[in-house]
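Working notes for the structure below.
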There are 2 protein chains.
Amino acid sequence: MIQTPKSQYEQIADLLRDRIAGGVYPPGSALPSEPELSAELGVSRVTVNRAIGLLRAMGMVRVRRGAGTFVRTLPTILRDARRRYAQRDRGTGAGAVEIADLDLRSHTDYTEIGRTPATAAVARALALAVGDEVLVRRRILFAEDEPTQIADSYYPWYLAEDSPLRQADTGVGGSYARLAEMGCDVVRFTEDVHGRMPTDRERTALRLEAGQPVFDIAHVAWTADSRPVEAAFHVLPCHLWTLRYEWDDPR
Amino acid sequence: MIQTPKSQYEQIADLLRDRIAGGVYPPGSALPSEPELSAELGVSRVTVNRAIGLLRAMGMVRVRRGAGTFVRTLPTILRDARRRYAQRDRGTGAGAVEIADLDLRSHTDYTEIGRTPATAAVARALALAVGDEVLVRRRILFAEDEPTQIADSYYPWYLAEDSPLRQADTGVGGSYARLAEMGCDVVRFTEDVHGRMPTDRERTALRLEAGQPVFDIAHVAWTADSRPVEAAFHVLPCHLWTLRYEWDDPR
DNA sequence: CAGTGGTCTAGACCACCAC
DNA sequence: TGGTGGTCTAGACCACTGC
């Protein structure tokens with residue numbers, strides 16, 4: 001690699017990144033204002049703004065309009081797929097396991113629990129026809145009042161109709177314990193992971209900075225006879241999470 | 001959701017996205033130039049440029065400086081973790097499995113194969129001390145001459161020293177077959193997945209557009225007695241890949 | 001109300017590509 | 001050589017925050 005004659009805004013982003021790493025701007029503190037940085041570095045404010053845009057996309061700073069630009073603090077959260085679903089009976093739902101592990105306060109906002117026709121993605125995941133009735137459970141999970149995840153779960157309506165799955169609190173063992181009581185023991189999981197830019201709704205709900213990508217996880221739970229009984233779609237800000245998977249070699 | 005008074009550049013990005021989806025700008029074709037769009041839409045060129053920046057981050061267009069902005073074509077590639085490593089003996093290395101599945105031409109550029117001291121990340125993954133000798137195999141994988149992945153594999157030096165792992169072509173069955181011949185049967189895998197912005201080197205090597213995120217996968221292969229015998233770090237452009245994982249519930 | 005960041009413009013200069 | 005996108009500036013107006 002010979003040379004990378006970087007643009008000014010990239011160099012400024014590097015500089016600010018180094019200052020943050022070096023503790024000049026400690027976690028939680030505000031960066032100097034854009035006019036200040038503009039004066040200090042001898043560039044226009046637009047250029048400073050653009051540099052800060054890179055830091056935002058990296059998840060290093062959060063901007064509060066009218067107030068300033070602040071260095072981020074939240075630690076990364078480990079989502080260990082195998083462990084997550086194996087620990088169902090810890091009382092907390094699967095969704096809260098990771099947050100509890102970090103000794104953070106967690107809570108869940110249910111935004112919708114009800115009957116709805118299956119979309120194409122849901123129908124495909126649950127081996128139903130588009131438009132078939134399903135139970136949907138939409139929720140947003142928080143750690144220390146910061147949104148960390150959107151999770152929408154779907155169940156075939158004929159399964160969920162008269163079950164506790166229609167309540168926010170599904171009881172000890174969570175939804176998989178209820179499915180088991182209905183004769184649907186879950187023995188296998190699959191997940192398809194995408195990385196992409198969030199939709200406007202997702203960006204708002206997760207309070208994301210401009211340019212920050214999300215993980216989009218399509219999760220399916222299977223019974224021993226290979227029937228899909230739950231489909232869940234999770235949207236997670238990339239900068240907050242590490243996904244861990246583990247599997248045995250089938251040979 | 002009441003209102004989202006979008007900025008002009010966001011609206012223009014939406015407009016262009018719709019036109020691409022609607023076939024007005026078909027795959028592979030060039031968008032109108034920025035001055036043209038600027039005139040058509042009655043905004044400054046900077047605003048058009050910023051809108052196109054959003055499309056670039058989403059992976060919808062590729063810009064060739066001096067030539068124009070082009071609609072992307074490459075399909076998404078499925079990386080089925082379980083299958084990927086189970087199909088070792090298909091002759092092709094694990095890295096080429098997914099590309100071959102899509103009937104695309106694939107090739108691999110080895111950029112380095114040699115001895116090196118373990119970095120912190122490598123040492124942690126292989127349960128070695130920082131600075132211990134390891135064999136590194138660095139490569140970039142291509143589909144149709146487009147870079148699709150960076151993969152750096154590491155092996156403890158005492159294992160790899162006199163093995164075919166030091167050659168580019170590791171022979172039938174690939175590296176895991178060679179490890180098995182050395183008494184290191186791999187029976188289990190773990191992967192930690194991050195989503196982040198690429199480094200400058202990665203952006204160059206993968207020919208990424210500005211603002212495009214990558215998957216960063218730390219892959220470890222384990223023997224039956226829980227010894228890590230291979231660590232591999234993969235960097236994949238998010239917009240090109242879907243990661244698939246599958247596991248049995250350990251209860 | 002003063003200060004913050006968000007956005008937009010017109011104009012400019014540059015590196016790069018294709019002809 | 002003309003057209004493309006990349007970058008930068010000075011100035012402006014706005015919405016929002018916190019006092």
Side-chain angles (χ1 to χ4, degrees), chain A residues 2-16 25 28-72 200 203-204 207-212, chain B residues 2-16 25 28-72 200 203-204 207-212:
Chain A
I2 321 284
Q3 89 301 17
T4 316
K6 282 196 180 185
S7 52
Q8 296 187 46
Y9 76 89
E10 286 174 308
Q11 295 179 45
I12 293 171
D14 290 345
L15 173 72
L16 295 176
Y25 308 138
S29 71
L31 262 52
S33 72
E34 292 186 0
E36 279 169 10
L37 286 170
S38 165
E40 180 200 336
L41 303 169
V43 299
S44 74
R45 183 166 80 86
V46 178
T47 302
V48 171
N49 182 276
R50 205 168 166 186
I52 289 176
L54 294 184
L55 301 185
R56 298 174 70 174
M58 286 190 293
M60 299 196 64
V61 299
R62 144 156 304 176
V63 174
R64 281 171 44 217
R65 199 170 164 172
T69 303
F70 299 85
V71 180
R72 275 199 154 279
D200 294 333
R203 220 185 106 184
T204 305
R207 293 183 212 152
L208 288 171
E209 297 291 309
Q212 284 194 294
Chain B
I2 322 284
Q3 88 301 13
T4 316
K6 284 197 180 185
S7 51
Q8 296 187 46
Y9 76 88
E10 287 173 308
Q11 294 179 46
I12 292 171
D14 290 345
L15 173 72
L16 295 176
Y25 309 137
S29 71
L31 261 53
S33 72
E34 292 186 0
E36 279 169 8
L37 286 170
S38 166
E40 180 201 335
L41 303 169
V43 298
S44 74
R45 184 166 80 85
V46 178
T47 302
V48 172
N49 182 275
R50 204 168 167 187
I52 289 176
L54 294 183
L55 301 185
R56 299 175 69 174
M58 286 190 295
M60 299 197 64
V61 299
R62 144 155 304 176
V63 174
R64 280 170 45 214
R65 199 170 162 170
T69 303
F70 300 84
V71 181
R72 277 201 153 277
D200 294 333
R203 221 186 105 184
T204 306
R207 292 181 211 152
L208 289 171
E209 298 292 309
Q212 285 193 294

Could you list by number each residue of residues 39-47 of chain B showing a heavy-atom separation from DNA chain D of less than 4.0 Å, or answer none if no residue does? B/Arg45, B/Val46
Kindly state which residues belonging to residues 52-59 of chain B come within less than 4.0 angstrom of DNA chain D, counting heavy atoms of the residue only, listed by number.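 By residue number: B/Arg56.
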Once rounded to the nearest 0.5 Å, what's the spacing between atom [atom1] of [X] and atom [atom2] of [Y]?
X	Y	atom1	atom2	result
A/Asp14	A/Leu54	CG	CG	8.5 Å
A/Glu40	A/Ile12	CD	CD1	9.5 Å
B/Gln11	B/Leu41	CD	CG	10.5 Å
B/Leu55	B/Leu31	CG	CG	7.5 Å
A/Ile52	A/Arg45	CD1	CZ	9.5 Å

Audit row: A/Val61, A/Leu16, side chain to side chain contact (heavy atoms under 4.5 Å, CB included) steps and yes/no: CA-CA 10 Å; A/Val61 299; A/Leu16 295 176; over 6 Å; no
Would you verify whether the NZ or CZ of B/Arg50 falls within 45 degrees of the ring axis of B/Tyr9 while also being under 6.0 Å from that six-membered ring's centre? yes
Got A/Asp200 and B/Lys6 here, is their nearest side-chain heavy-atom distance under 4.5 Å?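 They are in contact (side-chain heavy atoms under 4.5 Å apart), so the answer is yes.
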Just by distance, do the side chain of [X] and the backbone of [Y] share a donor-acceptor pair under 3.5 Å?
X	Y	value
A/Arg72	A/Arg56	no
A/Thr47	A/Val43	no
B/Glu209	B/Gly59	no

Is DNA chain C part of any stem, that is, at least 3 consecutive Watson-Crick or G-U pairs with both distances under 3.5 Å, and where?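 Counting only runs of 3 or more consecutive pairs, the stems involving DNA chain C are C:1-18 with D:1-18.
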Quick one: closest heavy-atom pair of B/Ser44 and B/Ser38, and the distance? C-OG, 3.7 Å
Please find the pair of heavy atoms, one from A/Gly211 and one from A/Ala57, that lie closest to each other, and give the distance.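 Scanning both residues, the minimum pair turns out to be O-CB, 3.7 Å.
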Going 5' to 3' through nucleotides 14-19 of chain D and flagging B where a protein heavy-atom sits under 4.0 Å of the base, S where only the sugar-phosphate is that close, and - otherwise, we get -BBBS-
Span of DNA chain C, from the first to the last nucleotide whose atoms fall under 4.0 Å of chain B heavy atoms: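 For DNA chain C, the relevant span reads C/dT7 to C/dA18.
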Holding to side-chain contact (heavy atoms from CB on, under 4.5 Å), I want the full list of residues that pass it with B/Arg203, two or more places apart in sequence or in another chain.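 Listed in chain order: A/Glu10, B/Pro198, B/Leu208, B/Ala210.
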